[in-house]
Amino acid sequence: MSSDGPTIRSLESEDRRFPPPDDFAASAVATAELYDRAAADPEAFWLEQAREILDWYTPPTVACDAANPPFFKWFTDGVLNASVNCLDRHLAARGDRVAFHWEGEPGERLDITYRDLHERVCRLANGLRARGIGKGDRVAIYLGMVPEAVVAILACARIGAPHTVVFGGFSPDSLRDRIIDCGCTALITADGSWRAGKVIPLKRNADAALESCPDVHTSVVVRRTESEIAWSEGRDVWYHELVADQPAECDPERMAAEDPLYILYTSGSTGKPKGILHTTGGYLTGVAATHRWCFDLKDDDVYWCAADVGWVTGHSYIVYGPLANGATSVLYEGAPSTPDKDRWWSIVARYGVTILYCAPTAIRSFMKWGTEYPERHDLSSIRLLGTVGEPINPEAWIWYRTHIGGERVPVVDTWWQTETGQIMISPLPGVTTLKPGSATRPLPGITADVVDARGESVPLGQGGYLVLRRPWPAMLRTLYGDDERYVDTYWSTYEGMYLAGDGARRDDDGDYWLLGRIDDVMNVSGHRLSTIEIESALVDHPLVAEAAVVGRADATTGQAIAAFVTLKGHATGDESIIAELRQHVATKIGAIARPKSIVLTDDLPKTRSGKIMRRLLRDISENRQLGDVTTLANEEVVQEIAGMAESARSSEGS
Ligand code: PRX
């Protein structure tokens, strides 16, 4: 980041407005009064939330301890157990309530009540203790979307053993690196996991990883796909055998609020993933409160967060938030296209899902597939939609509201990160007037800002760097084993502010528009432009399903805009479409934003969680050797795009 560069220029305007429906507002869980209460004294507000929402052995009397910034602590004198908050305390009043409607990809269905879940968690927790695993020991979890994944997470929480969940799509090397970095002594995995009709060989991957992890003395194996697997006597133990004779009650560990709950790895700007450390009391307060507010959670809701438990969204909004709130959720194992592209909508109709939370990338896939799939099912149960993970372009937002939300329901665009633990910027659905593409406002108790390179707030209407000006309960406490990198990455750019790494703009009303990562910001002829705005303009064209834009080095203009575009329905394009798209962007945003090159492609390089890997597109655009591809899910498209980019470069327009 240069010290005196211009702030990010933001050129697009979006003027559609959606105030909350009257009946929704009238019975909303979160009301406008929360903002005032929080603003009056944010710390007292969070302390009140912590004491109100959670069950404590010893309720906290202090909010934030800022004695040693940026190593903030929350609720330090409180004592609690996360699994007790997610399970035990619901048993008396709602033990028979369904915690999860689980659906396996091949079609199995299972309803798991809070009582069932409690029993399963206790048995596994006892089983882990029987293997010598206890408070402070780190346990890796490498599973697909099976109920045992939730059970494993909560069993670790019950005995005070921090978990590190590794997404089931990661390779043996990635698993190994995380196990070693985290010093895990146990692993919970499965013989396999179903995805798009195929078995992901989790156990085989885990075996390969464990060859270099001599400290792992126990590998618990869930039987899921009945695949043939190798067995290491002494180390490996079947899950069903481990839990078979264990008691159905398990004495929970009493944890200090600041005891670690989990470590979750996420990629940073270097090749080495960062181990984000979350602790117990603040994290649970943050996720439980925001889950209620943002999703307007009511007793009869059926909530579905269609993320994977391997990502932070799964941790906070499949496991800890919803269970702390006693919610009924859906858990689906597999791909949205198996056996057909209407799988999600059949699930929504079957369980009467009322709240759906997913990523823009999923929505854009659905747009690409066409409306016939949602139209096959009755989606009228849906009353609220949410998105997370990337900026959502207004057209995808409108499509989601129209074709999934029946043109009647609020759509909450929630901004947050693995590091923040909880949702930070989001509408309150009964209060906020929605704008497609805007995450709107910081939640009550959260203080965000948009600053320039010197760290000064930029005026409304301008872009800059998103920062958080006050600590919040679910914030990361450090990077596991690397305090220095924690300070450097987040706290060293500006004094006393957390640097999120995203560009943002506040409009004249003060609403936030996320503009993508700082490293996705381009500088063309001295103008800074956000890749996402150009992507939005491209996706706004009726033929376009998905677009990714990167800046590539250019001798004349500094950077040039290179776009990669997938057309709807796999239509093939030609030069005239490319010319039309370039012109479309120029019309939407201005000539300055006209892409220098556009490559039409069947697919874009993505991570296994579905994020477009713009970094690789940048490498391709600049004709460089590809950087780290370990998280790339669809390697084959990269070669294809590289060839096309080459010919685009030689024939590009001005
Ligand atoms: O760039 C922002 C983007 O995702 C980043 C965080 O990624 P991760 O830690 O993997 O967590 C994803 C799930 C919380 C952010 O720095 N991001 C997340 N949500 C949004 C978003 N960008 C724009 N709008 C959002 N709603």
Side-chain angles (χ1 to χ4, degrees), residues 8 10 165 167 169-170 263-269 273-278 283 286-287 290-291 294 305-318 320-321 357-364 385-394 396-397 400 411-427 432 434-443 446 448 450 463 465-468 474-476 479 489-490 498-505 511-521 530-533 535-536 606-615 631:
I8 298 164
S10 168
V165 182
F167 174 56
F170 272 126
I263 296 141
L264 181 61
Y265 286 84
T266 184
S267 41
S269 48
K274 302 181 285 195
I276 306 295
L277 176 73
H278 283 294
Y283 174 79
V287 298
T290 52
H291 181 255
C294 298
C305 168
D308 191 285
V309 284
W311 309 117
V312 74
T313 306
H315 285 59
S316 298
Y317 297 106
I318 293 177
Y320 287 111
Y357 188 37
C358 70
T361 188
I363 298 166
R364 290 194 301 265
L385 295 170
T387 72
V388 59
E390 354 157 33
I392 181 160
N393 45 295
W397 193 101
Y400 192 35
V411 177
V412 292
D413 172 1
T414 64
W415 177 88
W416 59 295
Q417 309 175 297
T418 308
E419 289 89 338
T420 69
Q422 63 179 77
I423 298 172
M424 303 294 282
I425 303 179
S426 162
T432 314
L434 305 172
K435 301 175 183 174
S438 169
T440 70
R441 294 295 172 95
L443 286 175
I446 301 299
V450 179
Y465 305 108
L466 178 64
V467 295
L468 300 165
M475 65 190 294
L476 79 168
L479 297 179
T489 309
Y490 306 105
Y498 170 90
L499 179 74
D502 282 334
R505 163 173 74 96
D511 283 328
Y512 286 67
W513 298 72
L514 278 302
L515 301 172
R517 299 291 304 180
I518 293 170
D519 40 17
D520 287 339
V521 172
S530 156
T531 54
I532 180 65
E533 284 189 322
E535 291 170 5
S536 276
K606 289 183 182 159
T607 63
R608 294 184 180 85
S609 66
K611 281 204 177 121
I612 298 168
M613 295 186 75
R614 292 183 181 75
R615 180 169 56 75
T631 53

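In listed order, ligands and their atoms are each counted from 1.
Remark: of the listed residues Thr440, Thr387, Thr420, Asp502, Asp502 is the sole one forming a side chain to side chain donor-acceptor pair (under 3.5 Å) with Trp415.
The closest donor-acceptor contact from the side chain of His315 to the backbone of Val309 lies under 3.5 Å.
Residues passing the ring-ring contact (aromatic ring centres under 6.0 Å, His included) test with Tyr512, sequence neighbours excluded: none. The ring-ring contact (aromatic ring centres under 6.0 Å, His included) check on Tyr400 picks up nothing, with sequence neighbours excluded. Remark: Thr361 engages no residue in a side-chain hydrogen bond (donor to acceptor under 3.5 Å, both in side chains) (not counting sequence neighbours).
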Using a cut-off of under 3.5 Å, which N/O atoms of ligand 1 pair up with protein N/O atoms, and what distance separates each pair?
{"from": "ligand 1", "atom 1": "1 (O)", "to": "Asp502", "atom 2": "OD1", "distance (Å)": "2.7"}
{"from": "ligand 1", "atom 1": "1 (O)", "to": "Asp502", "atom 2": "OD2", "distance (Å)": "3.2"}
{"from": "ligand 1", "atom 1": "4 (O)", "to": "Gly389", "atom 2": "O", "distance (Å)": "3.1"}
{"from": "ligand 1", "atom 1": "7 (O)", "to": "Lys611", "atom 2": "NZ", "distance (Å)": "3.3"}
{"from": "ligand 1", "atom 1": "9 (O)", "to": "Thr418", "atom 2": "N", "distance (Å)": "2.8"}
{"from": "ligand 1", "atom 1": "9 (O)", "to": "Thr418", "atom 2": "OG1", "distance (Å)": "2.6"}
{"from": "ligand 1", "atom 1": "10 (O)", "to": "Lys611", "atom 2": "NZ", "distance (Å)": "3.1"}
{"from": "ligand 1", "atom 1": "16 (O)", "to": "Gln417", "atom 2": "NE2", "distance (Å)": "2.9"}
{"from": "ligand 1", "atom 1": "16 (O)", "to": "Asp502", "atom 2": "OD1", "distance (Å)": "3.3"}
{"from": "ligand 1", "atom 1": "16 (O)", "to": "Asp502", "atom 2": "OD2", "distance (Å)": "2.8"}
{"from": "ligand 1", "atom 1": "16 (O)", "to": "Arg517", "atom 2": "NH1", "distance (Å)": "2.8"}
{"from": "ligand 1", "atom 1": "17 (N)", "to": "Gly389", "atom 2": "O", "distance (Å)": "3.2"}
{"from": "ligand 1", "atom 1": "19 (N)", "to": "Gly389", "atom 2": "N", "distance (Å)": "3.0"}
{"from": "ligand 1", "atom 1": "22 (N)", "to": "Pro391", "atom 2": "N", "distance (Å)": "3.3"}
{"from": "ligand 1", "atom 1": "24 (N)", "to": "Glu390", "atom 2": "O", "distance (Å)": "3.3"}
{"from": "ligand 1", "atom 1": "26 (N)", "to": "Asp413", "atom 2": "OD1", "distance (Å)": "2.7"}
{"from": "ligand 1", "atom 1": "26 (N)", "to": "Thr414", "atom 2": "O", "distance (Å)": "2.7"}

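We find the OG1-CZ distance between Thr432 and Arg441 to be 8.0 Å, quoted to the nearest 0.5 Å.
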